[in-house]
2 protein chains.
Amino acid sequence: MLDSPQCPDCHRINDVLSRVGDRWSVLVVISLSRYHILRFNELKRKLGISQRMLSLTLKGLERDGLVSRTYHPTIPPKVEYTLTPLGLAFHEPLSALGHWALQNLDAIDAARGGYDAAAGKR
Amino acid sequence: MLDSPQCPDCHRINDVLSRVGDRWSVLVVISLSRYHILRFNELKRKLGISQRMLSLTLKGLERDGLVSRTYHPTIPPKVEYTLTPLGLAFHEPLSALGHWALQNLDAIDAARGGYDAAAGKR
DNA sequence: CGGTATCCTTACGGATACTG
DNA sequence: CAGTATCCGTAAGGATACCG
């Protein structure tokens with residue numbers, strides 16, 4: 001399928017984005033950028049993410065070198081997550097996208113309204 | 001779930017990104033930005049996307065006001081897609097993200113290699 | 001507290017066939 | 001050519017229960 005596309009680096013971009021560009025990864029990076037350092041359950045509560053997905057997402061981000069994990073073997077245990085330099089760098093274009101999203105949410109909603117209204121009166 | 005998160009606009013950002021931030025929408029916007037105007041089957045061939053997904057993706061993008069569709073009632077019919085000003089604006093932060101992805105693909109792969117190697121020797 | 005393991009439901013997305 | 005409709009397999013992701 002994506003073996004012979006004409007768009008040269010489309011599948012490479014797609015490749016990276018499918019790794020770090022998913023729903024939860026984006027929100028985790030944004031949150032860590034804002035709060036600098038967070039514990040597992042803090043992230044969980046902030047994002048309203050399920051325990052399973054947060055675990056998977058953090059593991060993926062750590063694997064890709066965007067997030068660093070620090071385990072404190074206290075009782076009860078304490079694990080802190082923060083962005084690596086690479087994660088911080090990733091946050092830059094990401095926040096640009098986030099800001100655009102927030103600024104243009106209204107425009108998109110308006111376009112949707114118009115489209116649906118036009119489609120509605122058949 | 002996302003009703004009472006502490007991260008104020010996280011779910012709003014998430015909202016927009018879940019609309020226009022999926023795999024195929026991103027690639028369609030990038031392609032349309034590069035080639036300015038494309039027909040249905042040109043996009044299909046370039047992206048290696050299935051007919052069904054392209055149709056759904058384009059309809060979604062048109063609905064959100066990012067893509068404009070022009071139908072020429074010739075025989076055979078001819079439909080051209082191009083980015084609206086809003087779509088063009090969206091492409092800016094998106095291409096920044098794409099460039100970052102391409103530039104840092106190696107760093108990510110390296111991090112992955114290191115992580116997997118460390119996990120591998122149990 | 002910070003996870004992992006299991007189950008289960010949904011929704012994404014490809015293949016195919018058909019229409020204008 | 002430019003879609004729509006249908007079928008179907010896979011995988012994303014929540015809920016729950018349990019472990020260190």
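Just the heavy atoms: all of them, side chains too, but no hydrogens, waters or symmetry mates, feed the values below. The chains referred to below are lettered A, B, ... by the order of the sequence lines, with proteins before strands, and numbering in each begins at 1.
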Of all the heavy-atom pairs spanning [X] and [Y], show the shortest one and how long it is.
X: B/L54; Y: B/F40; result: CD2-O, 3.3 Å
X: A/L47; Y: A/S31; result: CD2-OG, 3.3 Å
X: B/V20; Y: B/S25; result: O-CB, 3.6 Å

Of the nucleotides C/dG3, D/dG14, D/dG3, which one has an atom closest to the side chain of A/M53? D/dG14
Of the listed nucleotides C/dG14, D/dG3, D/dC1, the one nearest the side chain of B/N41: D/dC1
[X] [atom1] to [Y] [atom2] distance, which is reported to the nearest 0.5 Å:
X: A/W24; Y: A/S50; atom1: CH2; atom2: OG; value: 7.5 Å
X: A/K78; Y: A/Y71; atom1: NZ; atom2: OH; value: 13.0 Å
X: A/R45; Y: A/L43; atom1: CZ; atom2: CG; value: 10.0 Å
X: B/T82; Y: B/L38; atom1: OG1; atom2: CG; value: 8.5 Å
X: A/R69; Y: A/L58; atom1: CZ; atom2: CG; value: 9.0 Å
X: A/L66; Y: A/L86; atom1: CG; atom2: CG; value: 5.0 Å

If you count the non-hydrogen atoms of other residues, nucleotides and ligands that lie under 6.0 Å from NE2 in B/H72, is the total more than 12?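 Result for NE2/B/H72: enclosed.
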Nearest whole Å is fine: how far is [N] [atom2] from [X] [atom1]?
X: B/L27; N: C/dG13; atom1: CG; atom2: P; result: 11 Å
X: A/H72; N: C/dG3; atom1: NE2; atom2: P; result: 11 Å
X: B/W24; N: C/dG14; atom1: CH2; atom2: C1'; result: 10 Å
X: A/Y71; N: C/dC1; atom1: OH; atom2: P; result: 14 Å
X: B/L47; N: C/dG13; atom1: CG; atom2: C1'; result: 15 Å
X: B/Y81; N: D/dC1; atom1: OH; atom2: C1'; result: 11 Å
X: A/I75; N: D/dC19; atom1: CD1; atom2: P; result: 18 Å
X: A/F40; N: D/dG20; atom1: CZ; atom2: P; result: 17 Å

For nucleotides 18-20 of chain C, list the nitrogen or oxygen atoms of the protein found under 3.5 Å from its nitrogen or oxygen atoms, one pair per line.
none

Set of salt bridge (Lys or Arg N to Asp or Glu O under 4.0 Å) partners for B/R52, sequence neighbours left out: none
Just N and O in the side chain of B/R69: are any of them under 4.0 Å from OP1 or OP2 of D/dA2? no
Short side-chain to backbone donor-acceptor contact, B/T57 and B/M53, under 3.5 Å: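 Side chain of B/T57 to backbone of B/M53, a donor-acceptor pair under 3.5 Å: yes, one is there.
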What's the verdict on side chain to side chain contact (heavy atoms under 4.5 Å, CB included) for B/V67 and B/L83, showing C-alpha distance, side-chain angles and the deciding distance? CA-CA 4 Å; B/V67 159; B/L83 291 179; 4.0 Å; yes
Note down the inter-axis angle between the two ends of the helix from C/dC1-D/dG20 to C/dG20-D/dC1, five pairs each, to the nearest 10°.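 Axis-to-axis angle, ends of the helix: 40°.
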Taking only nitrogen or oxygen atoms into account, show me every contact under 3.5 Å that the protein makes with nucleotides 6-11 of chain D, one pair per line with its distance.
none

Applied to residues 99-113 of chain A, the salt bridge (charged side-chain N to carboxylate O under 4.0 Å, His left out) test, sequence neighbours excluded, yields A/D109-B/R19, A/R112-B/D64
Do any of residues 54-62 of chain A sit with a heavy atom less than 4.0 Å from DNA chain C, and if so which? A/S55, A/K59
